[in-house]
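Working notes, beginning with the structure itself.
Per chain, numbering begins at 1; letters A, B, ... match sequence-line order.
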Number of protein chains: 2
Amino acid sequence: MNGWITQLRKGLVELAVLNILAAGENYGYEIVQRLQDIEELTVTESTVYPILSRLTSEGLLKVRVASSPQGPPRRYFSLTVIGRHRLREMNDYWDELNASLVTLRVERERRQA
Amino acid sequence: MNGWITQLRKGLVELAVLNILAAGENYGYEIVQRLQDIEELTVTESTVYPILSRLTSEGLLKVRVASSPQGPPRRYFSLTVIGRHRLREMNDYWDELNASLVTLRVERERRQA
DNA sequence: AAGGACTACTATGTAGCGCGTAGTATGTAA
DNA sequence: TTACATACTACGCGCTACATAGTAGTCCTT
């Protein structure tokens, strides 16, 4: 299962990050910890930071630097207009994909019933 | 979106193939066409055949060769006991993953409402 | 004022899968 | 015998998650 799960997550962590940011701006370290809370999406910094960089350079995120109450300054990320639009498309696509898969399963169950 | 979709499919095509085979034995070419019918899962032979080989060498599938009414002999794949068990685990994991993602989205909608 | 602890981010290399592209071989029908 | 649909094989690339390791800023304690 392990290797499969790694593969399955491809693209998904990105979607999760965008969904987190849809709730409001956030910084890398905190995003990592929010994802840690979701068992199926547990990730490390080495997964999240590259994603944030990539999404920023693609114009889906914008950055704001602000000092932290403790530690080095934080880089707050938030969705751009393009990012918000893209997220909607991605969520829609995800839903369709899920529906297709469920259909595949249901067809089988029907055939076996 | 295109690149993202390619990434998102990783692991997913495998799951779809297993679900198709759960309905009964089938051969590569036909599986490809069944997947073509599902818009979100359209794939080519170069995606499906490697998956079938891999799953077979992992012991999740077994093969039976039978002549085709037209063209070269077909290699019929079907789930082994291990494969059936694994598929159940994978479907469960998928459902949890989907639920987690939906939760992330719902949290946001609530916060914004 | 110096050490440690926590915070926040950076750097680098690897594995694995989907996919593009191309090619091979079998059998039927005209 | 050539055309066509069927069925499968071979090879290489691009991208993402992830492991591992390292850097640096700020606070607290003694």
Do any N or O atoms from the side chain of [X] and from the backbone of [Y] form a donor-acceptor pair under 3.5 angstrom?
X     : Y     : answer
B:K62 : B:L79 : yes
B:N19 : B:L15 : yes
B:T80 : B:L60 : yes

| message | So, does A:R54 get its side chain near the phosphate of D:dA17, meaning an N or O under 4.0 Å from OP1 or OP2? | response | yes
| Side-chain N or O of B:Y49 closer than 4.0 Å to phosphate OP1/OP2 of D:dC8 | yes
| query | For the hydrophobic clusters of this structure (ILVMFWY residues joined by side-chain heavy atoms under 4.5 Å, transitively), does one cluster hold both B:I51 and A:M1? | reply | yes
| said: For residues B:V102 and B:L97: do they belong to one hydrophobic cluster (side chain heavy atoms under 4.5 Å, members Ile, Leu, Val, Met, Phe, Trp, Tyr)? | reply: no
| If you look at every strand shown and take non-hydrogen atoms under 4.0 Å, does A:G3 touch a base, only sugar-phosphate, or nothing? | nothing
| field | Most 5' of A:W4 and A:Y29 on DNA chain C, judged by nearest nucleotide | value | A:Y29
| said: Any salt bridge linking A:R74 with A:E30? Criterion: basic side-chain nitrogen under 4.0 Å from a carboxylate oxygen. | reply: no
Rounded distance in Å - [atom1] ([X]) to [atom2] ([N]):
X     : N      : atom1 : atom2 : result
B:R74 : D:dT6  : CZ    : P     : 9 Å
B:L52 : D:dT9  : CG    : C1'   : 13 Å
B:I51 : D:dT9  : CD1   : P     : 14 Å
B:Y27 : D:dT9  : OH    : C1'   : 18 Å
A:K10 : D:dG14 : NZ    : P     : 15 Å
A:E14 : D:dT16 : CD    : C1'   : 9 Å
A:Q36 : D:dA17 : CD    : C1'   : 14 Å
B:Q33 : D:dA5  : CD    : P     : 12 Å

| task | With a 4.0 angstrom cut-off to heavy atoms of chain B, pull out the first and last contacting nucleotide of DNA chain C, in 5'-to-3' order. | result | C:dG16 to C:dT28
| What nucleotide among D:dC15, D:dT9, D:dT6 has an atom nearest to a side-chain atom of B:R75? | D:dT9
| request: Please say whether more than 12 non-hydrogen atoms of neighbouring residues, nucleotides or ligands are located less than 6.0 Å from CD in A:E39. | output: no
| note | In B/S/- notation (B base, S sugar-phosphate only, - none; protein heavy atoms under 4.0 Å), nucleotides 18-29 of chain D written 5' to 3' is BBB----BSS--
| message | Considering only residues two or more places apart or on different chains, which pairs with a residue in residues 29-88 of chain B satisfy ring pair (Phe, Tyr, Trp, His ring centres under 6.0 Å)? | response | B:Y27-B:Y76
| remark: In terms of heavy-atom contacts, B:R9 and B:T42 come closest through NH1-O, 2.8 Å
